[in-house]
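The next block holds one structure in the form of structure tokens; read it before the comments.
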Amino acid sequence: MKKLCRFALVLLLVSLCIGNNRSVGSAGNDRQIDLAREIRATVDQAGQKRELLIPVEPLDFDTDLKWDFTIIKRGLSVEKQPAYFTIEETGPRPKLLQKGSATASGSMTIPKGTQYKITIAAGEYTRLLAKTGAKVEAKLKYSEALVKYAQKDQPYLYDFEIRGPAGLEDWRWEWGANRTSDGSRVTHQFERDGKNPVVVTGKGRTSAGETTRKFYFEFEVPPLIVLNPKIDPTGGPVELTVTAQANAVVNYGQKASYLWNFGDGVELSGPEAKYTYTKPGNYLLTLTATVDQYKFQKSWLLEVAPLTVNLNKVITPTGGPVPLEVKGSVTPKVSGGPTQLRFTWTIAGETISGASFTKKITEPGEYQVVLKTSDQLHPEMAIPDEYVIIQALPPQITLTPMVSLAKGVIPLHAAFDPGVKVEGSPVDLVYYWDFGDGEISNLEKPQHVYKKPGDYQARLTVSDRLHPGNLATATIPVAVLPPELKVNASAGVTKGLIPLTVNFNAQVGITGSPCEPLYIWDFGDGTVSYEQNPVHTFRREGLQTISLEVKDRINPDNVVKTTLEIETRLPELRLTASLTPTTGPAPLTVQGQAWGEKEGASNPNLKYTWDFGDGERAEGLDQRHVYQKKGTYQVTVTVEDPELGLRKEESFKVTVK
């Protein structure tokens with residue numbers, strides 16, 4: 001049931017749209033304004049069709065029809081009756097003018113007094129089990145009324161004529177402000193230019209019966225005069241010449257007169273004018289254009305600046321040692337004019353006229369240059385004075401002192417040069433050298449001997465007798481060193497057996513004088529020597545480091561050091577021993593012999609000890625001993641060096657039966 005109701009509720013959609021009439025007109029020869037009407041219609045149900053007559057009412061003029069048909073099938077599957085549109089002539093013998101089943105657009109002219117029939121049909125299509133139609137839209141636009149107009153030869157005056165639907169004969173024009181005109185042809189004078197709304201009402205009998213129709217449009221009334229003036233320039237310095245042009249277009253066949261008021265009491269007439277301002281100030285330039293009884297005005301504010309003068313002054317140099325030649329010049333840049341400039345320079349009590357000057361200054365001091373400028377054509381114009389200070393200096397003394405030897409050992413012989421450079425003249429130079437060690441010199445290039453070591457600052461002062469207070473100072477460092485010591489230490493031997501007696505030797509090279517060397521030997525075993533070439537006996541085993549320090553008794557800080565290495569070791573002790581016999585019956589007499597050797601000694605002082613293992617002991621090289629009792633005895637013979645503590649032993653086994 002719901003499904004049947006949904007298909008039963010089929011609505012016929014016919015949309016009829018009438019557009020507002022809008023047109024803009026302009027003056028000139030006969031022209032026209034089309035008052036258009038737009039009609040829209042839509043069908044979209046199965047089998048739905050719509051017929052329209054265009055124009056809605058016959059017109060008493062030919063009208064152009066613009067048509068636009070849109071057919072949207074929306075993916076329909078089975079076509080039973082196609083959607084379409086047609087345009088036909090009406091009358092006893094209708095004629096098909098246009099037919100289509102797809103979207104299309106175009107235009108045609110409908111003759112006066114006739115109507116065309118427009119048909120749109122949705123067709124019939126099947127989609128699933130439902131019937132539907134395509135969506136067909138018609139957009140139709142044509143001129144329903146025509147307004148012709150012509151500009152007259154008086155301001156804002158026009159002739160109008162309207163033609164519209166056939167049968168409308170009683171026409172009324174409404175111009176606003178309760179002003180009206182009657183008839184299809186009227187003449188009207190507007191009060192102003194610009195856009196003016198117009199309403200035209202037509203009454204009469206048409207094909208639809210007694211009818212009243214209203215048409216609306218805006219009419220563009222051109223101005224009586226179009227001013228596009230050009231003022232050049234609108235500002236600048238005096239004397240400022242301004243050119244003014246009206247550049248006007250006058251309508252309605254009229255003529256205009258022009259009056260220029262330049263704001264200073266001067267008035268000139270004509271479409272163009274030229275005027276020169278001679279005084280600075282702000283002026284209101286006004287143009288008055290008169291057409292018939294109408295007046296039009298435009299104004300401009302002109303800024304007339306005072307005349308300006310940029311002197312572009314150059315004075316060189318502005319300082320330096322005497323004699324100083326100073327030059328000055330101007331390259332004036334004038335904004336405005338014309339001018340006739342005069343320049344006067346004042347320097348060191350002298351006045352010089354002209355655009356440039358040269359002045360030689362011979363005495364040191366501070367001088368002021370004054371530039372005065374005047375304009376002979378504009379004597380009332382004040383041009384500021386310009387000032388420059390010149391610093392004339394005494395001759396400039398520059399020192400770059402040099403020394404022949406800036407670093408060395410005493411006695412240091414140094415030759416000095418002031419390296420003096422003088423800019424300017426004249427001068428009478430005095431030299432004063434302070435060598436920093438209490439000695440001085442007034443020579444230009446002195447020589448000096450430094451006798452004590454130290455860091456000195458030799459100071460030079462050069463003064464000018466002709467210009468008191470004009471002096472220069474400079475310092476130069478001098479490093480004076482004590483005598484230079486170079487030591488070379490040597491040893492008679494560098495390795496051996498203890499006790500090892502070594503002869504040492506010290507050779508010292510001395511550069512400079514005076515110098516008294518002091519020798520300090522440290523043998524590393526707690527003993528020292530102050531001899532230059534000492535002799536020392538080493539009694540410890542190992543690597544011995546020996547240091548030698550040499551000092552200058554006159555300059556205790558002047559010290560050099562060096563080291564030596566001596567390697568010592570203990571001698572080897574060798575023992576040769578025999579014991580016979582080593583077995584036999586008691587009493588058993590044994591004879592022992594021993595011989596010791598010490599490395600590096602030809603006749604060493606050695607001690608021999610025999611231990612016979614039975615409680616008896618004996619000392620000496622060779623020994624005889626008798627065993628009274630049977631048994632096994634351990635016999636040990638030992639050799640010793642009492643001085644070095646060296647020891648060597650050998651053992652024998654004696655069996656007494």
Side-chain angles (χ1 to χ4, degrees), residues 396-422 427-465 468-491 504-524 527-534 536 545-564:
Q396 297 298 290
I397 304 172
T398 304
L399 300 178
T400 310
M402 296 174 289
V403 63
S404 60
L405 184 62
K407 184 176 182 180
V409 298
I410 58 173
L412 188 148
H413 295 265
F416 292 89
D417 188 320
V420 64
K421 180 181 178 182
V422 179
V427 293
D428 184 4
L429 301 181
V430 176
Y431 298 88
Y432 179 84
W433 291 89
D434 183 345
F435 299 110
D437 60 353
E439 299 292 329
I440 62 173
S441 174
N442 294 114
L443 298 177
E444 178 183 358
K445 298 180 179 181
Q447 294 188 358
H448 181 66
V449 178
Y450 287 94
K451 299 178 180 179
K452 294 182 179 181
D455 291 327
Y456 298 94
Q457 292 289 332
R459 183 179 182 87
L460 169 63
T461 301
V462 178
S463 58
D464 181 5
R465 287 192 183 96
N470 183 26
L471 55 84
T473 61
T475 59
I476 184 168
V478 179
V480 182
L481 307 176
E484 182 180 1
L485 300 178
K486 292 183 179 179
V487 62
N488 183 23
S490 62
F504 291 94
N505 178 264
Q507 298 293 331
V508 177
I510 302 174
T511 302
S513 65
C515 177
E516 296 182 8
L518 170 65
Y519 302 90
I520 304 173
W521 292 88
D522 186 341
F523 299 107
T527 60
V528 297
S529 174
Y530 298 99
E531 297 180 10
Q532 180 179 358
N533 302 309
H536 183 69
T545 299
I546 296 88
S547 65
L548 170 61
E549 181 179 286
V550 180
K551 289 185 177 180
D552 182 357
R553 287 188 177 91
I554 299 175
N555 303 287
D557 293 334
N558 191 14
V559 179
V560 291
K561 295 180 180 180
T562 188
T563 59
L564 293 172

Could you check Y530 against I520 for side chain to side chain contact (heavy atoms under 4.5 Å, CB included), going step by step and ending with a plain yes or no?
CA-CA 5 Å; Y530 298 99; I520 304 173; 3.9 Å; yes
Nearest 0.5 Å, please: how far is [atom2] in [Y] from [atom1] in [X]?
| X | Y | atom1 | atom2 | answer |
| --- | --- | --- | --- | --- |
| L471 | T461 | CG | OG1 | 7.0 Å |
| E516 | N555 | CD | CG | 10.0 Å |
| D464 | D428 | CG | CG | 7.0 Å |

Show every side chain to side chain donor-acceptor pair (under 3.5 Å) that has at least one partner inside residues 434-448, sequence neighbours left out.
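The answer is D437-H448.
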What side chain to side chain donor-acceptor pair (under 3.5 Å) pairs are there with at least one residue in residues 397-417, not counting sequence neighbours?
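Residue pairs with at least one partner in residues 397-417: there are none.
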Taking all heavy atoms of [X] and all of [Y], pick out the closest pair and write down the distance.
| X | Y | value |
| --- | --- | --- |
| Y519 | E531 | CB-O, 3.7 Å |
| P453 | I410 | N-CG2, 3.7 Å |
| I440 | F435 | C-CE1, 3.8 Å |
| I554 | C515 | CD1-N, 4.0 Å |

Counting C-beta onward and ignoring hydrogens, is there a side-chain heavy-atom pair between [X] and [Y] closer than 4.5 Å?
| X | Y | answer |
| --- | --- | --- |
| P446 | Y431 | no |
| V462 | L399 | yes |
| V409 | P483 | no |
| R459 | T475 | yes |
| L405 | L412 | yes |
| F416 | P401 | no |

Considering residues at least two apart in sequence or located in another chain, which fulfil the side chain to side chain contact (heavy atoms under 4.5 Å, CB included) criterion with A489?
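Counting only residues at least two positions away or on another chain, A489 forms a side chain to side chain contact (heavy atoms under 4.5 Å, CB included) with W521, L548, T562, L564.
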Tell me, please, which residues at least two apart from K452 pass side chain to side chain contact (heavy atoms under 4.5 Å, CB included).
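By the side chain to side chain contact (heavy atoms under 4.5 Å, CB included) rule, K452 matches Y456.
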Checking L443 against W433 for the side chain to side chain contact (heavy atoms under 4.5 Å, CB included) test, could you report, in this order, the C-alpha distance in whole Å, the side-chain angles of both residues, the deciding distance, and whether it holds?
CA-CA 8 Å; L443 298 177; W433 291 89; 5.6 Å; no
Do any pairs count as a salt bridge (charged side-chain N to carboxylate O under 4.0 Å, His left out) and have a residue in residues 549-564, sequence neighbours left out, and if so which ones?
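Output for this query lists E549-K551, E549-K561.
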Could you give me the CA-CA distance, side-chain angles and deciding distance for N470 and I397, then say whether side chain to side chain contact (heavy atoms under 4.5 Å, CB included) is met?
CA-CA 8 Å; N470 183 26; I397 304 172; 4.2 Å; yes
Could you pull out all donor-acceptor pairs under 3.5 Å where a side-chain atom in residues 504-511 meets a protein atom, sequence neighbours excluded?
from : atom 1 : to   : atom 2 : distance (Å)
N505 : OD1    : Q507 : NE2    : 2.9
N505 : ND2    : N533 : OD1    : 2.8

